[in-house]
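Below is one structure; the comments refer to it alone.
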Amino acid sequence: VAASPPSTGTSSKAPVASTWILQNADGSGVDCLKLCDWHLSTSLTCDKVRYHNSSDHWPVAMFFDAGRDWASSSTSDWFSRNCARATWQSSDCVYSAGSDWLGVQFARPQVVNCMTVSQHADDIASKFRIFACEEPPIVENRSTFSPEKTCVEMQMASPATKEVVKSGLTAESESIRIAKDTSCPIGNPEEFIPLDMAQLTLKELEEQGEEPVEDSLIACFCFQQFSVNASIVLPPYDREDKQICKEWALNKAKQGLLAAGGVIGILVTNIILLHVAEFFSGQEKHDTTTHQAKSLMYKIFWSQFINTALAPLIVNFDFGIPVQFIVFTGSGQGKYDEATRSWFVLVGSFIVLTVAASPIATTFPEISRVWLSRIFLLPYKSKETVSPELVERKYRLPPWHLARNLAQSFRVILVIMMYSGVMPILYLFGAVFCFVVYWVDKWLLLRGCSRPPRYSEEVMLSITHLWPIGAFAHMVFVVMSFSNQSLLPSSWSNWRTTLEQLLQINLQTYEDAMQRWHMAAGNKDQRREMRRQYFHARFLDVARGGAHAATAILICQVSAAMAQEIYLIFLKPIVAPFLDYAWKQFHVWLRKRDVVQRMEAAWREMHVHRGILGKALHLTGGDTRMTALEKTVTEMEGTGLLSSYEMGENPRYRTAHNIIEACNEDAQLMDAGLRQRLARRSRTTAGA
C-alpha cells in the first residue's frame, strides 16, 4: 500500500501531515542526499525557527528511507547541527537503489511552514523536493515508491549559496519557507496527474462531503486534460475523465458568465452615472462654460471611479461590519480580509477585464452617436426651414464633450495607476486604451463633431490635481501586497526595530497573532474577534525587505501632502505677504540693474551672430551643413509638397496671385500719378 495523499485544497499553505519526506532534486550538485540536521517548524515568519513550535519538541514515531526504518522518540537522536556525528544518508549513498530521499514520521500530524538543513561542507545539495504524506509506505513497496505520485508536493526548496553559513565542517542553511506546490505542468503529458489518482481523490472528497471544484488536484487534472482535449468540458459527460471534470467545467463556465456579467454591469452602470451627472450638472447655474465643464468632469470622474475601482473592493472585502450597509449587494461582508492569491484570481481578473473593455466602452457610444446623427438624423431633418439660424441649428453636428471625455479617460488611467503595481498587465491595456482613445477623439473632434466652445486652461489644470490620489493609492496597494507573506515572502529589513517601537509590538506577539489568525481560517466569526490584533501585527510587515522601499516612498508622499496642507492652511496667510514683497523687490532690483534687458539683448545678439556666421560659412563653402528647416523645405519641394503658405507658392493659385500683384502695382502707379497731379495743382493754386 502506497502512502495516501492528505486532504488538499486551493490554499498554497502546507497541509497537515504526519509524514514528511525530503528528496534530492535533479541538478542539486550532489550524487546522494546526506544530512546532519533537518529541522521543521510551524513558524509563519521563518525568523526564529528553533525557538518556535518545532520538530525539537514533536514526538517522533520513526525515521525511514527506501530500505530501513529507525525507531526514535526525538529528532535529536539522529541529527546533529555541527555534523559531529555521522550524517544521515539516503539509500542511494549505500545501495544505489534509485530512491534518493529521507523521511520522518511524527506521532501526530504537524503543519510545517519553515525548515532548515545542515549538511557537510563538502556535500551541499542546493535543491530539495519536499513531500507531505499521511503515512509512510510499507518497507516491501519502498523500492518502487515515488513520493510525487502519492504525496502532496511542496514548492522546490532552493537555498541560495550566499545564504549558507559555513562553520567548520557544517553548512547550515537559512530558514526555507515551505508552501504547497500549486503549479500545474501542462507541457509534458508524462507529468500529468494519473486518472486513477484523480478518481481516488474524487471518491475521498465525496465521502468527506467536500466539493470537488475546491480541490487543487482535481482542478489541475482537469486543466491538464483540457490543454490536450478541449472537448472534456463539453457534454455529454460519458467518459471517466469527463465525469471527474463535470463539476469543474460547470463551475468554470459559471465563473466566466458571472465575470462577463459583472464587467457588463460595471460598464452599463458607468453609462447611467454619466447621464445622471449630466442631468444634475445641467440644473446648476454657472457663470462660464469652463466652470460648468469642470463641475461635470468631477461628477463623472468620481462616480465612475468609485464604481470601477472601489466597488469591487467594497463588495468582496470583509470589513467586519455586523450589519450590511448595502443590503442588496452584501457589501462589506465579502470573504477576503486582504489581497490574497484567490483575490487576484477572482477580483483582480475582474478589474483587468473591466480595464481591457474600457477602450470599446468609452469610444463606441461616441462613435455610434456621431454615426447615427450623420447617417439617419440629418437626411430626415426638416427641409422647410429657410432661416440661416434654423438651418444651422438643425444641421449642426453633435457636440464634442471635453468634460465627458476627460473624466472617462482619466478614470481608466487612475484605475490602472492604483492596481498596476501588483498587476503589471494593466500597463499593456493602458497603452492600448490611450492609443485607441487618442485616435478616436481626434477623428471625432476634427470630422464628426461641431466646434467645441472656448475653454480656459482651468479644466485641464483641475484634472491634474487628481494625480497625487492615484499615486497614493498605487503605493498603498503596493505596500500592502509586497508585505503580504503569503504572496511575496521576504526577510525583515533594518526598519523592524524602529517599527516595533512605534507600534508597541514585539516579534513574539507578532508570531502569536499570525498563528492564531491562520489557525482560524474558515471561521469568519473567530477572525472578526481577532481582527484588531491581527492588523496591528500585520502593519509590522511593512518593515519587510520586499516592501521597505515602497514604504519609504509612501512616507515621502504622505509627508509632502501634510506639509502642503499645513502650508496652505496655517503658513500661507502669514508667509505669503512676505514672499510676494520679496519677489516684487527682486524684480525691482532686476529692472534697476537692467539684468533682464541685457540678457535679452545678449540672447538676440547671439542668434544674430549665429545666423550671420552660418550664412557666411554657407556662401564661402566653409560649412555645407543645412539647418533642419532648410533640409525639411528641400525634402518637401522634392516630393512636390508645398513649403509655404504664400499664395504664389501654390500652382493652383499662382495666376490669381500674379493678377492680384499686377493690380497692386497698377494701383500703386495710379496712386503715385494721382499724388503728382495733386501736387502740381496745389503749386498752381499757390502761385495764383
Side-chain angles (χ1 to χ4, degrees), residues 2-3 17 19-40 55 60-72 74-106 112 114-133 135-178 181 190-191:
T19 302
W20 292 85
I21 295 177
L22 186 68
Q23 186 181 41
N24 186 23
D26 295 336
S28 64
V30 297
D31 297 331
C32 63
L33 186 60
K34 298 179 181 180
L35 295 182
C36 301
D37 185 22
W38 181 24
H39 191 85
L40 306 174
S55 57
V60 176
M62 68 173 180
F63 296 95
F64 60 93
D65 61 9
R68 296 169 295 176
D69 293 341
W70 298 278
S72 178
S74 174
T75 57
S76 60
D77 296 340
W78 292 95
F79 292 149
S80 174
R81 294 182 62 186
N82 57 7
C83 288
R85 285 177 280 176
T87 57
W88 187 27
Q89 304 178 6
S90 67
S91 299
D92 266 16
C93 300
V94 182
Y95 308 109
S96 298
S99 301
D100 199 3
W101 51 266
L102 299 169
V104 58
Q105 182 186 21
F106 297 103
V112 177
C114 298
M115 80 171 192
T116 59
V117 292
S118 296
Q119 306 174 77
H120 197 279
D122 297 330
D123 296 300
I124 301 178
S126 60
K127 296 180 181 180
F128 302 100
R129 298 178 67 183
I130 309 165
F131 301 91
C133 309
E135 294 180 355
I138 59 177
V139 179
E140 290 78 4
N141 294 332
R142 287 184 191 173
S143 59
T144 59
F145 171 66
S146 297
E148 59 271 13
K149 294 183 178 180
T150 55
C151 299
V152 177
E153 185 171 1
M154 306 295 108
Q155 295 177 3
M156 182 77 71
S158 303
T161 304
K162 65 179 182 180
E163 296 178 352
V164 176
V165 181
K166 293 187 178 181
S167 176
L169 298 176
T170 306
E172 183 177 355
S173 71
E174 293 289 337
S175 297
I176 304 171
R177 190 176 299 273
I178 297 178
D181 186 10
E190 296 181 357
E191 299 179 354

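- Of all heavy-atom pairs between A132 and C151, the closest is O-CB, 3.4 Å.
- A heavy-atom distance below 4.5 Å is not found between the side chains of V112 and F106.
- With sequence neighbours excluded, the residues forming a side chain to side chain donor-acceptor pair (under 3.5 Å) with E153 are R129, listed by chain and number.
- Between W101 and F131, the distance from one ring center to the other does not fall under 6.0 angstrom.
- Put simply, CG on L33 and CD on Q119 are 7.0 Å apart, with the number rounded to the nearest 0.5 Å.
- For the pair I130 and W20, the minimum side-chain heavy-atom distance is below 4.5 Å.
- The OG1 atom of T19 lies 7.0 Å from the CD1 atom of I21; values are rounded to the nearest 0.5 Å.
- When atom types are taken as modelled, the side chain of S118 and the backbone of D37 share no donor-acceptor pair closer than 3.5 angstrom.
- The two residues C32 and D100 make their nearest non-hydrogen contact at CA-OD2, 3.2 Å.
- In this structure, CG in L102 is found 12.0 Å from NZ in K34, a value given to the nearest 0.5 Å.
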Q: Let me see the working for L22 and M115 under side chain to side chain contact (heavy atoms under 4.5 Å, CB included), right down to the final yes or no.
A: CA-CA 11 Å; L22 186 68; M115 80 171 192; 4.0 Å; yes

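- P137 places a side-chain heavy atom less than 4.5 Å from the side chain of F64.
- Atom CE of M156 and atom CD of Q23 lie 9.0 Å apart (nearest 0.5 Å).
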Q. When you look at I178 and Q155, which way does the side chain to side chain contact (heavy atoms under 4.5 Å, CB included) test go after all the steps?
A. CA-CA 7 Å; I178 297 178; Q155 295 177 3; over 6 Å; no

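- Proximity of a side-chain donor or acceptor of S28 to a complementary backbone N or O of S126 within less than 3.5 Å is not detected.
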